[in-house]
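Proteins get letters first, then strands, A, B, ... in listed order; numbering begins at 1 in each.
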2 protein chains.
Amino acid sequence: MKVSADTRTGHAAPLPVALADGVFPAGCPSRTVLDHITSKWGVLILLALSEGEQRWSDLRRRAEGISEKMLAQTLKTLERDGLVTRTAQPVIPPRVDYRLTERGYELSALLVPLVAWAFENADDIVNGQR
Amino acid sequence: MKVSADTRTGHAAPLPVALADGVFPAGCPSRTVLDHITSKWGVLILLALSEGEQRWSDLRRRAEGISEKMLAQTLKTLERDGLVTRTAQPVIPPRVDYRLTERGYELSALLVPLVAWAFENADDIVNGQR
DNA sequence: TAAGGTACTGACATGAAAGTTAGTGCCGAT
DNA sequence: ATCGGCACTAACTTTCATGTCAGTACCTTA
């Protein structure tokens with residue numbers, strides 16, 4: 001069954017993804033990846049790092065409201081996913097830097113416009129306007 | 001304090017958003033909006049609708065694994081946010097169509113490349129590769 | 001006559017995500 | 001001498017998003 005294009009707006013909206021019948025499969029690995037990067041704090045951390053290497057305490061301050069537990073957990077997930085690298089310097093006091101990998105940078109380039117859109121439209125949306 | 005650009009990749013990564021000190025404020029409305037659109041099923045529904053108007057049963061089939069409760073709940077949230085419109089036709093059996101608003105279409109245009117990226121990179125990521 | 005499709009709603013249950021609190025070891029500043 | 005900053009970890013608790021199950025009302029097909 002072929003799904004027709006949007007007839008109201010006249011816009012084409014191609015999904016450049018091989019999807020049988022336009023179905024998003026339940027067990028698909030992309031679901032897991034999507035869950036990681038669209039997690040409450042994942043987006044914010046990736047966005048903050050898109051401006052360059054940052055320390056633990058920088059990230060904590062920039063993602064306002066994050067707990068240390070969630071910061072550690074989010075960074076670990078992003079590291080396991082190969083989106084972020086951790087560099088610890090054996091100095092006192094400890095200094096640890098986080099930066100995006102090439103892959104992480106690729107992703108952040110897609111997230112930036114999304115978050116920018118959310119910023120611009122947030123007020124209209126929560127006020128229930130058009 | 002000014003945050004330096006990424007010195008490793010040499011890429012510029014501008015955040016086109018007015019952020020005092022690069023801090024994402026805790027009470028910011030964009031947090032709410034981001035939560036809605038990055039919810040487990042929100043992304044999938046918006047993506048499915050990016051291909052055009054669709055019925056309840058179409059969406060249920062395409063977002064594989066979604067329950068009827070979550071479909072209803074997700075659609076209601078997206079409707080309240082002015083991203084989706086609902087059109088019920090008084091026929092028997094009932095027929096209800098869902099489509100993106102202009103604003104919803106704008107958003108989906110940003111989500112499509114993100115999901116495409118997730119599809120392409122998912123296997124590498126979950127296999128813990130580089 | 002019974003089963004199944006259509007588009008839902010509501011009560012209840014669960015589990016994963018998130019929050020809270022406390023503790024680590026070392027240092028510099030008050 | 002004790003406080004705070006640094007970068008965490010671990011145990012425990014809570015909250016909320018999500019899942020499960022049942023029911024609605026009408027019609028068609030078997």
Base-contact (B) and sugar-phosphate-only (S) positions in nucleotides 10-27 of chain C, heavy-atom cut-off under 4.0 Å, - elsewhere: -B------BBB-----SS

Atom pair distance, as rounded to whole Å: CH2 in B/W56 and C1' in D/dT24: 14 Å

Across all chains, not counting sequence neighbours, the salt bridge (Lys or Arg N to Asp or Glu O under 4.0 Å) partners of A/D35 are none

A/S108 versus A/L100, closest heavy-atom pair with distance: OG-CD1, 3.7 Å

Within this structure, what is the CG-to-C1' distance between A/L71 and D/dA7, rounded to whole angstrom? 10 Å

Sorted by chain and number, sequence neighbours left out, side chain to side chain donor-acceptor pair (under 3.5 Å) with A/R60 holds for A/E68

For B/L44, all residues meeting side-chain contact (heavy atoms from CB on, under 4.5 Å), sequence neighbours excluded: A/F24, A/R31, B/W41, B/A63

Those residues at least two apart in sequence (or on a different chain) that pass side chain to side chain donor-acceptor pair (under 3.5 Å) with A/E64 are none

With sequence neighbours left out, write down each residue that passes salt bridge (Lys or Arg N to Asp or Glu O under 4.0 Å) with B/R80, or none if nothing qualifies. none

Taking CG from B/L59 and P from C/dT6, how many angstroms apart are they, rounded to a whole number? 13 Å

Mind running a 4.0 Å heavy-atom check of residues 27-36 of chain B against DNA chain D and sending the residues that fall below it, in number order? none

Would you mind classifying the nucleic acid contact of B/R95 as base, sugar-phosphate or nothing, using non-hydrogen atoms under 4.0 angstrom? sugar-phosphate

Below 4.0 Å: OP1/OP2 of D/dA7 and any side-chain N or O of A/R55: yes

In chain order, what residues pass the side chain to side chain donor-acceptor pair (under 3.5 Å) check against A/Q73, with sequence neighbours excluded? none

For B/L34, what residues pass the side-chain contact (heavy atoms from CB on, under 4.5 Å) criterion, not counting sequence neighbours? A/V115, A/A118, B/I37

Using whole Å, report how far CG of B/D58 lies from P of C/dG5. 15 Å

